[in-house]
Amino acid sequence: MKKNVFNIICLGLSAVLITLFSYFLYVGGITENISLFLSKIKANANISENVSSNYPRIDLFVNSSGEKITNEDLVLIVNSSDDIKISKAEYSFDKQRWFDDFDEETYGKESVVKKVFRENIDKKVYLRVTNNKGYSSYVIQTIVNVDKTKPVVNLQKKGNEVLVTAKDNVGITQVQYSYDNLIWNDFTDVKFNGKDVTVNILKEKATFIRVVDKAGNISKIKEF
């Protein structure tokens, strides 16, 4: 009888010890996992902070035409900054070949570069800056559209009418007439289809004719 009681007590104590041991292992595992999770969060945060601080920043960008077509010189200005130093700025038309022939450039912790487009162009332009560590900023994109070519106008007289034909690179938006070559008015009944335009005008309606395109270029003045 005493032996049976002793065996029961031993079994009970063993069960308690196993339960306690399992509990501590479980709690210890949770604690370790939580600590590991928090460590990963902290490590990721530190990595993100270190990576972001490595990259230069583009703080201000200016496109003088506002991405609209213009008949004037178009200027791009990029202001950037870095914790150490900006070493170069570049632009590209395809994100494959990069150029650094800026018209004005100042490099340091704060950098300013200026690129002027003076010839006819209609392209997307990508810009970026790079610091002394070799890290480049995000790429910004804009459109440069310069057209300085004047429309071409021809007159063909047919009895009491004049046939006006005009051709242009980007499209004609106005056909204008004047009696004194000083004050100009628009013909309001002209239909513009594509880049060219044709219109019949009665001789008594005008003495001088000219056309204007989308970029603001004005043709040579034609006199009846």
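Heavy-atom basis, side chains included; hydrogens, waters and symmetry copies ignored.
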Considering all heavy atoms, the nearest Val190-Val197 contact: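 The answer is CG1-CG2, 3.5 Å.
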Exercise: identify the closest heavy-atom pair between Ile172 and Gln174: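 Answer, listing the atom of Ile172 first, then Gln174: CG2-O, 3.6 Å.
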With a 4.5 Å limit on heavy-atom distance, are the side chains of [X] and [Y] in contact?
{"X": "Val62", "Y": "Leu76", "value": "no"}
{"X": "Trp184", "Y": "Val212", "value": "no"}
{"X": "Val170", "Y": "Lys214", "value": "yes"}
{"X": "Asp101", "Y": "Glu90", "value": "no"}

Val146 vs Asn71, side chain to side chain contact (heavy atoms under 4.5 Å, CB included): CA-CA, chis, key distance, verdict: CA-CA 6 Å; Val146 178; Asn71 61 353; over 6 Å; no
Quick one: does any side-chain atom of [X] pair with a main-chain N or O of [Y] as donor and acceptor, under 3.5 Å?
{"X": "Asp186", "Y": "Thr188", "answer": "no"}
{"X": "Ser92", "Y": "Arg97", "answer": "yes"}
{"X": "Tyr107", "Y": "Ala89", "answer": "yes"}
{"X": "Tyr138", "Y": "Ile58", "answer": "yes"}
{"X": "Ser64", "Y": "Val75", "answer": "yes"}
{"X": "Ser137", "Y": "Arg128", "answer": "no"}

Give, for atom [atom1] of [X] and atom [atom2] of [Y], the distance between the pair rounded to the nearest 0.5 Å.
{"X": "Lys150", "Y": "Asp168", "atom1": "NZ", "atom2": "CG", "result": "12.0 Å"}
{"X": "Phe61", "Y": "Asp59", "atom1": "CZ", "atom2": "CG", "result": "13.5 Å"}
{"X": "Arg210", "Y": "Ile218", "atom1": "CZ", "atom2": "CD1", "result": "4.5 Å"}
{"X": "Ser111", "Y": "Asn131", "atom1": "OG", "atom2": "CG", "result": "11.0 Å"}
{"X": "Asn217", "Y": "Thr149", "atom1": "CG", "atom2": "OG1", "result": "7.0 Å"}
{"X": "Phe99", "Y": "Leu127", "atom1": "CZ", "atom2": "CG", "result": "12.0 Å"}

When you group the ILVMFWY residues by side-chain heavy-atom contacts below 4.5 Å and let the links chain together, are [Y] and [X] in the same group?
{"X": "Val116", "Y": "Ile143", "result": "no"}
{"X": "Ile140", "Y": "Tyr135", "result": "no"}
{"X": "Val199", "Y": "Val153", "result": "yes"}
{"X": "Val211", "Y": "Phe192", "result": "yes"}
{"X": "Val152", "Y": "Ile221", "result": "no"}

Less than 4.0 Å between a side-chain N and a carboxylate O, is that true for Lys167 and Asp196?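 Yes.
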Does the side chain of [X] come under 3.5 Å of the side chain of [Y] through a donor N or O and an acceptor N or O?
{"X": "Lys133", "Y": "Asn54", "answer": "yes"}
{"X": "Thr130", "Y": "Ser136", "answer": "yes"}
{"X": "Glu67", "Y": "Thr142", "answer": "yes"}
{"X": "Thr70", "Y": "Asn145", "answer": "no"}
{"X": "Asp180", "Y": "Ser178", "answer": "yes"}

Is the distance between the ring centroids of Tyr91 and Tyr126 under 6.0 Å?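 Ring centroids of Tyr91 and Tyr126 are no less than 6.0 Å from each other.
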Any chance CD of Gln141 has more than 12 other-residue heavy atoms, nucleotides or ligands included, within less than 6.0 Å?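 For Gln141, atom CD is crowded (more than 12 foreign heavy atoms under 6.0 Å).
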How about Ile183: does its CD1 atom have over 12 heavy atoms from other parts shown lying under 6.0 Å from it?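 Counting neighbours around CD1 of Ile183, 12 or fewer heavy atoms of other residues, nucleotides or ligands fall under 6.0 Å, so no.
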Establish, for the pair Lys115 and Phe117, whether the NZ or CZ atom is under 6.0 angstrom from the six-membered ring centre and no further than 45 degrees off its axis.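 Checked: cation-pi criterion met.
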Can you check side chain to side chain contact (heavy atoms under 4.5 Å, CB included) on Leu74 and Asn63, steps first, answer last? CA-CA 7 Å; Leu74 190 153; Asn63 181 329; 3.7 Å; yes
Just to verify, what does Asp103 make a salt bridge (charged side-chain N to carboxylate O under 4.0 Å, His left out) with, not counting sequence neighbours?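 Testing Asp103 for salt bridge (charged side-chain N to carboxylate O under 4.0 Å, His left out), a comparison that skips the adjacent residues, returns Arg118.
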Does the pair Gln156 and Asn200 meet the rule for a side chain to side chain contact (heavy atoms under 4.5 Å, CB included), with working shown? CA-CA 9 Å; Gln156 185 178 355; Asn200 282 310; over 6 Å; no
side-chain hydrogen bond (donor to acceptor under 3.5 Å, both in side chains) with Lys148: which of Asn120, Asp73, Asn169?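 Testing each of Asn120, Asp73, Asn169 against Lys148, the sole residue satisfying side-chain hydrogen bond (donor to acceptor under 3.5 Å, both in side chains) is Asp73.
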